[in-house]
Amino acid sequence: SGRATYEKMWKPLLLAKLGENYKRVSAVFIWSYIKRLFSARDSSAQKEQMGHVSGGYKAVFERLLECIEEQGGAIHTGSSVERITADKNAGIWVERDGQREHYDKLVFTSPVNVLRDVCAPGLVRIENDKRDVEYLGVICMVLITHQPIVPYYVVNIADQRIPFTGVIGMSTVVDPSETAARYVTYFPKYLLSTDPMLRAGESELSEAFMQGARLMFPDYDWSAIESIHINRAFKVQPLQVLEYSTLVPRCVTEHPDFFVLNTSQFVNNTLNNNEVIRSVNEFWEQHGHWLTEPAEQLDFLSEVKSASA
């Protein structure tokens with residue numbers, strides 16, 4: 001497309017999605033998004049094929065918890081891991097919440113800057129560690145209403161007066177019969193994980209986002225709102241800047257019982273469920289035989305964090 005199309009369509013969309021960071025982002029970032037979206041299209045029917053798990057992620061996590069507990073495992077949520085060290089004989093020691101526990105194997109899935117903070121020297125060697133990978137965070141307002149707000153699944157926004165970057169009509173995919181006749185709409189805003197807006201108060205964010213929603217939908221009956229929820233995540237996906245593949249830190253484990261897998265290793269792909277599943281499958285094919293030896297205990301730490309993270 002030419003300059004006019006870029007100024008009218010692409011630049012506003014890039015600004016909405018990335019802010020001023022769009023100037024530093026690789027074209028692979030755009031290509032990977034388009035590739036993923038087109039992969040959902042049925043070429044014969046010329047329409048998108050979409051689905052969802054009944055009950056949402058909660059149903060998936062609850063079933064996963066059941067499967068792990070049936071096998072004698074346990075999941076610890078909300079735990080703060082302070083230190084990870086190697087046992088002089090075999091296995092790994094984990095200090096969390098004032099306790100010290102021993103594990104036969106450990107898979108570390110948090111960002112590299114957390115890895116540096118909590119892991120003892122000698123567990124892992126970080127190659128190409130020129131600078132930290134930057135991450136995009138997200139703020140997402142969720143409206144629960146008695147009437148639908150949009151008739152579409154995704155509305156991308158290019159108007160810089162609007163504080164969020166899109167409107168996601170979940171109830172166009174998930175039938176309201178599954179949500180007690182309520183309609184669920186997401187209003188996400190992606191921004192750098194260091195952006196002060198991520199740490200703003202809920203009332204401040206609700207007011208700003210609702211002001212944008214009223215501007216977009218002036219004729220909507222806002223008395224249909226049942227509740228407003230503000231959710232946020234600080235590190236959703238790595239920011240794939242120019243020459244990102246040369247910046248990706250390579251974590252070489254120095255201990256046979258310690259493994260690293262995190263999203264900074266995704267190159268030429270955006271963060272999405274398909275990519276996560278593909279990466280985990282590849283990891284399992286490479287290391288699974290080490291992780292399933294008899295009498296071994298494996299603990300996947302889904303949220304490893306330190307006080308400074």
Which heavy-atom pair separates G201 from R232 by the least distance, and what is that distance?
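Smallest heavy-atom distance, with atoms named: C-NH2, 4.3 Å.
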Just list the side-chain donor-acceptor pairs under 3.5 Å for residues 159-171, sequence neighbours left out, or say none.
residue : atom : partner : partner atom : Å
D159    : OD1  : R161    : N            : 2.9
D159    : OD1  : R161    : NE           : 3.1
D159    : OD2  : R161    : NE           : 3.1
D159    : OD2  : R161    : NH2          : 2.7
T165    : OG1  : P188    : O            : 2.9
S171    : OG   : V184    : N            : 2.8

Tell me, please, whether W93 has R83 positioned over its six-membered ring: NZ or CZ under 6.0 Å from the ring centre and within 45 degrees of its axis?
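That pair does not qualify as a cation-pi contact.
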Report the C-alpha separation of E82 and R96 in whole Å, then their side-chain angles, then the decisive distance to 0.1 Å, and conclude whether the salt bridge (Lys or Arg N to Asp or Glu O under 4.0 Å) test is met.
CA-CA 6 Å; E82 293 92 20; R96 66 171 184 90; over 6 Å; no
R24-N21 side chain donor-acceptor pair, cut-off 3.5 Å
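A donor-acceptor contact under 3.5 Å links the two side chains.
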Which label fits F61 and Y57: parallel for a plane angle under 30°, tilted from 30 to 60°, or perpendicular past 60°?
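Ring orientation of F61 relative to Y57: parallel.
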Can you classify the ring geometry of F283 versus F259 as parallel (below 30°), tilted (30 to 60°) or perpendicular (above 60°)?
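F283 and F259: perpendicular rings.
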Please determine whether side-chain hydrogen bond (donor to acceptor under 3.5 Å, both in side chains) holds for the pair N262 and T109, giving the CA-CA distance in whole Å, both sets of side-chain angles, and the decisive distance to 0.1 Å.
CA-CA 5 Å; N262 60 40; T109 62; over 6 Å; no
Got more than 12 heavy atoms from elsewhere within 6.0 Å of [atom1], [X]?
{"X": "R199", "atom1": "CZ", "value": "yes"}
{"X": "E254", "atom1": "CD", "value": "yes"}
{"X": "Y186", "atom1": "OH", "value": "no"}

Can you list the steps and then say if H229 with S227 is a side-chain hydrogen bond (donor to acceptor under 3.5 Å, both in side chains)?
CA-CA 7 Å; H229 308 269; S227 58; 2.9 Å; yes
Which donor-acceptor pairs under 3.5 Å do side chains of residues 142-157 form with protein atoms, sequence neighbours excluded?
residue : atom : partner : partner atom : Å
T145    : OG1  : Q147    : O            : 2.6
H146    : NE2  : E226    : OE1          : 3.1

How long is the span from the CG atom in N231 to the CE atom in M141, to the nearest 0.5 Å?
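Between atom CG of N231 and atom CE of M141 there are 11.0 Å.
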